[in-house]
Amino acid sequence: MFSPPPEGIAFPDWAYKPESSPGSRQIQLWHFILELLQKEEYQGVIAWQGDYGEFVIKDPDEVARLWGIRKCKPHMNYDKLSRALRYYYNKRILHKTKGKRFTYKFNFSKVVLVNYPLLDMAIPPGKIAQAPLS
DNA sequence: TTCGGAATTG
DNA sequence: CAATTCCGAA
């Protein structure tokens, strides 16, 4: 039969964007990719590959167009989109699966931390811990 | 196809 | 700071 959706890579809740507090930033690129990946209607353009967090882009131009619409950038294209993705390598949010075409992998360890900085709020009185992130 | 520098913007 | 754009290189 057709391969059932791998249960391990489905996004529970923590993958969602904490979204906008007033004055927040706009949606980041990986949030948008996550949103597309969670919808079956986009499996024609982007879908999970197999391993944990690995996904493959089937229609880069389609993804790029949707992303462009989202950001009001009508001249978006996979070349520019992937450029932003490449900057994510250094941020440890994404990685590239080499050998395959249009295949990337999410770095959940970092994604969770980025999404939930508020989870670590155990601050002992009198001492403020500061994480030298980003 | 993929990587990355550099300049610019919000 | 994150993303966009341009473009050369491997």
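So you know, we letter chains A, B, ... as the sequences are listed, proteins then strands, and number each from 1.
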Margin query: For a quick check of understanding: with a heavy-atom distance under 4.0 Å over all strands, which category does A:Y89 fall into, base, sugar-phosphate or nothing?
Written below: sugar-phosphate
Next item on the list: Remember a base hit wins even if backbone is also touched, and classify A:R101 as base, sugar-phosphate or nothing at under 4.0 Å, heavy atoms.
Entry: sugar-phosphate
Can you tell me how far [atom2] of [N] sits from [atom1] of [X], to the nearest Å?
| X | N | atom1 | atom2 | value |
| --- | --- | --- | --- | --- |
| A:L81 | C:dT4 | CG | C1' | 11 Å |
| A:I69 | C:dT4 | CD1 | P | 14 Å |
| A:N90 | C:dA3 | CG | C1' | 14 Å |
| A:K80 | C:dA2 | NZ | P | 21 Å |
| A:Y78 | C:dT5 | OH | P | 16 Å |

Next item on the list: May I ask you to test the A:L94-A:F55 pair for a side-chain heavy-atom distance under 4.5 Å?
Entry: yes
Margin query: Reading DNA chain B in the 5' to 3' direction, which nucleotide is the first one with an atom under 4.0 Å from a heavy atom of chain A, and which is the last?
Written below: B:dT1 to B:dA6
Can you tell me if [X] touches the phosphate of [N], counting only side-chain N or O atoms and a distance under 4.0 Å to OP1 or OP2?
| X | N | answer |
| --- | --- | --- |
| A:W67 | C:dT4 | yes |
| A:K71 | C:dT4 | yes |
| A:Y88 | C:dA2 | no |
| A:K73 | C:dA3 | no |

Checklist line | Least distance between heavy atoms, A:A47 atom then A:Q43 atom | finding: CB-O, 4.0 Å
Check: Who are the side chain to side chain contact (heavy atoms under 4.5 Å, CB included) partners of A:A84, not counting sequence neighbours?
Finding: A:L29
Margin query: Holding to side-chain hydrogen bond (donor to acceptor under 3.5 Å, both in side chains), I want the full list of residues that pass it with A:D59, two or more places apart in sequence or in another chain.
Written below: none
Item checked: A:E41 atom CD: more than 12 heavy-atom contacts under 6.0 Å -> yes
For residues 97-106 of chain A, which side-chain N or O atoms pair as donor and acceptor with protein atoms under 3.5 Å away, sequence neighbours left out?
unit_1, atom_1, unit_2, atom_2, d
A:K100, NZ, A:Q49, OE1, 3.3
A:T103, OG1, A:R101, O, 3.0
A:Y104, OH, A:Y78, OH, 3.0

Item checked: A:Y87 or A:D79, whichever maps to the more 5' nucleotide of DNA chain C -> A:Y87
Just distance, no hydrogens or angles: give the donor-acceptor pairs under 3.5 Å from side chains in residues 64-76 of chain A, sequence neighbours left out.
unit_1, atom_1, unit_2, atom_2, d
A:R65, NH2, A:E62, OE1, 2.2
A:R65, NH2, A:E62, OE2, 3.3

